[in-house]
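Computed from heavy atoms alone, side chains included, the values below leave out hydrogens, waters and symmetry copies.
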Amino acid sequence: MGPLGPARGPLSIAEASVGMLVQDVLVHPADVVFVKGIVEASEGIALLFAERGGEITLAAPLGRGDEFAELLRDLEQDVGARRRGAQR
């Protein structure tokens, strides 16, 4: 046990995105860094979680739904991003 309690591994995407709008997205693996740059430049609209290859998860605060939807549409147009499953 460490000084702050039991040791714990990193949070899962599900744990880190509780209470947020979440969308799984598929992009070409070579575009992940580009998409990350767009997300980081978007002033807090979303967080990006990359699991493997071009499989990413975007999570946005509940109050930024319209901006999040616009970001997703832009990614579809700009890099051919495909949404996977329903937004949750």
Side-chain angles (χ1 to χ4, degrees):
M1 181 182 288
L4 300 176
R8 182 183 156 123
L11 292 176
S12 68
I13 293 172
E15 291 170 315
S17 62
V18 168
M20 300 181 85
L21 301 169
V22 178
Q23 180 66 61
D24 294 321
V25 177
L26 184 61
V27 297
H28 189 278
D31 290 329
V32 171
V33 172
F34 177 72
V35 171
K36 183 177 188 273
I38 290 172
V39 170
E40 288 178 352
S42 297
E43 299 182 17
I45 291 175
L47 300 172
L48 182 143
F49 301 94
E51 294 197 57
R52 60 187 162 293
E55 298 176 28
I56 62 176
T57 300
L58 297 171
L62 292 176
R64 311 275 315 252
D66 291 341
E67 295 162 292
F68 186 50
E70 183 177 349
L71 173 66
L72 291 168
R73 284 191 301 272
D74 289 346
L75 292 175
E76 288 171 339
Q77 292 176 359
D78 295 345
V79 296
R82 294 185 318 224
R83 300 179 198 200
R84 300 181 66 207
Q87 187 173 324
R88 50 186 202 275

Of all heavy-atom pairs between [X] and [Y], which one has the smallest distance, and what is that distance?
X: Ala59; Y: Val22; answer: CB-CG2, 4.2 Å
X: Ala81; Y: Val27; answer: CB-CG1, 3.6 Å
X: Val25; Y: Arg84; answer: C-CD, 4.2 Å
X: Pro61; Y: Ile45; answer: CD-O, 3.4 Å
X: Ser42; Y: Leu71; answer: OG-CD1, 4.2 Å

| Approximate separation, where rounding is to 0.5 Å, of Phe68 CZ and Leu62 CG |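 Going from the CZ atom of Phe68 to the CG atom of Leu62 covers 10.5 Å.
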| To the nearest 0.5 Å, how far apart are CG in Leu47 and CE in Met20? |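 Between Leu47 CG and Met20 CE, I get 4.5 Å after rounding to 0.5 Å.
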| Leu72, Val79: one ILVMFWY side-chain cluster at the under-4.5 Å cut-off? | yes
| task | Treating Ile, Leu, Val, Met, Phe, Trp and Tyr as nodes and any side-chain heavy-atom pair under 4.5 angstrom as an edge, say whether Leu26 and Val35 lie in one connected cluster. | result | no
| query | Step by step, would you call Leu75 with Leu58 a side-chain contact (heavy atoms from CB on, under 4.5 Å)? | reply | CA-CA 11 Å; Leu75 292 175; Leu58 297 171; 3.8 Å; yes
| query | Is a side-chain donor or acceptor of Glu55 paired with a backbone partner of Pro29 at a separation under 3.5 angstrom? | reply |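 Checking the backbone N and O of Pro29 against the side chain of Glu55, no donor-acceptor pair under 3.5 Å is found.
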| query | Are the side chain of Glu15 and the backbone N or O of Ser12 linked by a donor-acceptor pair below 3.5 Å? | reply |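 Answer holds: yes.
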| Within-4.5 Å side-chain heavy-atom neighbours: Asp74 and Glu70 |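 Counting from C-beta outward, Asp74 and Glu70 do come under 4.5 Å.
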| field | Arg83, CZ atom: more than 12 neighbouring heavy atoms under 6.0 Å | value |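 Counting other residues, nucleotides and ligands, CZ of Arg83 exceeds 12 neighbours.
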